[in-house]
Each structure stands twice: as structure tokens, then as C-alpha cells.
Undergrad: 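I am attaching a structure below and will ask some questions about it afterwards.
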Amino acid sequence: MIEIRNLSKIYEIGKEKLYALDNVSLKINDGEFAAIVGPSGSGKSTLMNILGCLDIPSKGSYILDGTPVETLNDDQQAEIRNEKIGFIFQKYNLLTKLNVYENVEIPLIYLGTGNAERKERIEKALEQVGLSSHIHHKPSELSGGQQQRVAIARALVTNPSVIMADEPTGALDSKTGKEVLALLQELHKTGRTIVLITHDLSIAAEAERRIQIKDGHILSDDGGENNEDTSAV
Ligand SMILES: Nc1ncnc2c1ncn2[C@@H]1O[C@H](COP(=O)(O)OP(=O)(O)O)[C@@H](O)[C@H]1O
Ligand SMILES: [Mg+2]
């Protein structure tokens, strides 16, 4: 389970303090499909970076499956990230010199997965996203939608319990964007927790739950029956 308690992220710009996240509390249960939705600059990516163990809060706590992430050192955070979380980004973030197969292989190399199992998992992940026939292509030889599907295969190849997607359809036309959302729906059906970040309410409508954020605050949450108010703690 994902749980944040009274969490703030403060950036100091000269003498100014900017609260990118301001005393936010939130729980996301295992297997939920939650969208974090808000306008540009509202703190979405800051929140995803913290939830993804890519960054730590300035104040408050992030507890992932019972572990307070801010108590871990960098190596331990990287380990938890590799084990539990798959990332999908707006701009795919594929390595241009590597082919499809090699891009999907990267997280398994970090995990130290053996050769035979690597091959098996990569083939399965590419089959799941419908790209089995493109394993030797370089990213530049693929459409945007295909590149994002490679990124999805890379995110799911480690069998993570959580998938975090930051504006995954932002660079795609609406038809291709729908295909990417349909893949996220499928991953949700297999029991994974999905955290979808978007500025677009019509995309957020695909999720089970919408957490709206603005100026670093949660404005509304239409599925937050599990959220207790921790502001007094
Ligand atoms: N590394 C940083 N240093 C200073 N300010 C930052 C940094 N990252 C983000 N911000 C600021 O924090 C606020 C939230 O940013 P961000 O989380 O990227 O918003 P969103 O993803 O919703 O567009 C913005 O005002 C942004 O300018
Ligand atoms: Mg962002």
C-alpha cells in the first residue's frame, strides 16, 4: 500500500520557499487504479517522483508497503524502486541506441535476472503489448504509440506491483492514447496498482479514482474512502 502522511516538498529558490506539495495526506490501496489530475505546475510530477522513490519529501512521511522510504539510503531506495515499481513517462525515455529487446532488458539487468529467465520475460512482456514482431527495431524506427508500448513492456517486465505513468498519452494522438490507456486497464485487471498522472480530466475518467491536485494541495478525491485525516497527528 501507498501511504503519505502530512507530506510537503519545499524548493528553495534564492530566499523564496516554494511548496510544490503542501501537507498532503493520501492512501492508495493495492490494486487500485488512481489518477492524479491537476493543471501544469500543480505538483503532479513532484508527487510521482516521491511515490516512485525517485525523491524524498522535505517534511512528512511516505510509507510504501510498511516501509518509511525517507529512512532508506539511496541504494535501498533504488532497490525498492526496481523491485516494486514500473515507470512510464510522457516522452517514453527509451535508449535510442538500443533496440526494442535491449530496452526492455535494462531493468532485468539491474535486478540481476539470469539470461534464460530474462529472455522469457522480455518475450512475454513484448507479446503483452503487441510488439513481438518488432524486437530488433530501434526506437527511431517506431511510431510514438509503439515506442510507448515498448516503455510499457519495460515497466512491466519486472512484474512490479505498482505502475506509475506520468502523462503517458501526452505525446500521442487521441486514438493511440486510447490504446495506451487500454493497456493500463489490462495491467490493472491483472491486479497491479496503477497511478496515472494527467492534466486531462477526460483521461483521468479512465481511472477508478480521481485525486485532483492544485498548488500542491489535494482539492478533491472521489475514491478516498480509505483516507483518514492525519492532519492532527
Ligand atoms: N527541481 C525543482 N526546483 C524548483 N522548483 C521546482 C522543481 N521541480 C518542480 N518545481 C516547481 O514545483 C511546482 C510543481 O512542479 P511539478 O511537480 O513539476 O508540477 P506538474 O507536474 O503538475 O506540472 C512548480 O511550481 C515547479 O516550478
Ligand atoms: Mg509534470
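Atoms within each ligand, like the ligands themselves, are counted from 1 in listed order. All residue numbers in this chain count up from 1 along the given sequence.
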Undergrad: For atom 19 (O) of ligand 1, what is the closest protein heavy atom, and at what distance to 0.1 Å?
TA: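 For atom 19 (O) of ligand 1, the nearest protein heavy atom comes out as Gly43 N, 3.3 Å.
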
Undergrad: Compute the minimum heavy-atom distance from Gly216 to ligand 1 and say whether it is under 4.0 Å.
TA: no

Undergrad: Check ligand 1 against Pro39 and write out every atom of the ligand that is under 4.0 Å from a heavy-atom position of the residue.
TA: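 Counting atoms of ligand 1 from 1, those under 4.0 Å from Pro39 are 22 (O).
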
Undergrad: Short of 2.8 Å from the Mg ion (ligand 2), name each protein N/O/S atom, waters not counted.
TA: Ser45 OG

Undergrad: Could you list which atoms of ligand 1 come closer than 4.0 Å to a heavy atom of Ala20?
TA: 12 (O), 13 (C)

Undergrad: Look only at the side chain of Asn6 and the backbone of Gly60, and say whether a donor-acceptor pair between them is shorter than 3.5 Å.
TA: no

Undergrad: Which atoms from ligand 1 have a heavy atom of Ser45 less than 4.0 Å away?
TA: 17 (O), 18 (O), 20 (P), 21 (O)

Undergrad: So, does Asp65 use its side chain to make a donor-acceptor pair with the main chain of Met1 at under 3.5 Å?
TA: yes

Undergrad: Between Lys124 and Glu120, is the salt bridge (charged side-chain N to carboxylate O under 4.0 Å, His left out) condition met? List the steps.
TA: CA-CA 6 Å; Lys124 189 169 159 233; Glu120 197 177 307; over 6 Å; no

Undergrad: Would Gly41 count as a polar contact of ligand 1, with the cut-off being nitrogen or oxygen pairs under 3.5 Å?
TA: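 Checking ligand 1 against Gly41, an N or O pair does fall under 3.5 Å apart.
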
Undergrad: Got a second to check how far Arg118's CZ is from Leu111's CG, nearest 0.5 Å?
TA: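 The CZ atom of Arg118 sits 10.5 Å away from the CG atom of Leu111.
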
Undergrad: Are the side chain of Asn103 and the backbone N or O of Leu95 linked by a donor-acceptor pair below 3.5 Å?
TA: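 Yes; judged by distance alone, with no hydrogens or angles, the pair exists.
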
Undergrad: Is Gly38 in contact with ligand 1, taking contact as a heavy-atom separation below 4.0 Å?
TA: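 No heavy atom of Gly38 comes that close to ligand 1.
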
Undergrad: With Phe33, which residues qualify under ring-ring contact (aromatic ring centres under 6.0 Å, His included), at least two apart?
TA: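 By the ring-ring contact (aromatic ring centres under 6.0 Å, His included) rule, Phe33 matches His188.
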
Undergrad: Rounded to the nearest 0.5 Å, how far apart are CD1 of Ile88 and OG1 of Thr169?
TA: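 So the CD1 of Ile88 and the OG1 of Thr169 are separated by 11.0 Å.
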
Undergrad: Is there a chain of hydrophobic side chains (I, L, V, M, F, W, Y, each step under 4.5 Å between heavy atoms) that links Ile80 to Ile50?
TA: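 Cluster IDs for Ile80 and Ile50 match.
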
Undergrad: Passes side chain to side chain donor-acceptor pair (under 3.5 Å), Gln212 versus Ser220? Steps please.
TA: CA-CA 5 Å; Gln212 278 195 276; Ser220 70; 3.1 Å; yes

Undergrad: Using salt bridge (charged side-chain N to carboxylate O under 4.0 Å, His left out), reason through Asp166 and Lys44 one step at a time and then give a plain yes or no.
TA: CA-CA 8 Å; Asp166 193 355; Lys44 303 183 297 294; over 6 Å; no

Undergrad: Is it the side chain (CB and beyond), the backbone, both or neither of Leu18 that lies under 4.0 Å from ligand 1, heavy atoms counted?
TA: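 Just the side chain.
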
Undergrad: Any protein heavy-atom neighbour for atom 1 (N) of ligand 1 (distance below 4.0 angstrom)?
TA: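 There is a protein heavy atom less than 4.0 Å from atom 1 (N) of ligand 1.
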
Undergrad: Heavy atoms only: which of Thr46, Val37, Ile36 lies closest to atom 16 (P) of ligand 1?
TA: Thr46

Undergrad: For atom 26 (C) of ligand 1, is the nearest protein heavy atom closer than 4.0 Å?
TA: no

Undergrad: Sub-3.5 Å donor-acceptor pair from the side chain of Arg121 to the main-chain atoms of Val157, do we have one?
TA: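 Yes; at least one donor-acceptor contact below 3.5 Å.
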
Undergrad: What is the nearest protein non-hydrogen atom to atom 3 (N) of ligand 1, stated with its residue, atom name and distance?
TA: Tyr11 CD2, 3.5 Å

Undergrad: How are the rings of His134 and His137 set relative to one another: parallel (under 30°), tilted (30 to 60°) or perpendicular (over 60°)?
TA: tilted

Undergrad: Quick check: Ile13 and ligand 1, any N/O pair under 3.5 Å apart?
TA: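 For ligand 1, there is no N or O atom that lies under 3.5 Å from one belonging to Ile13.
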
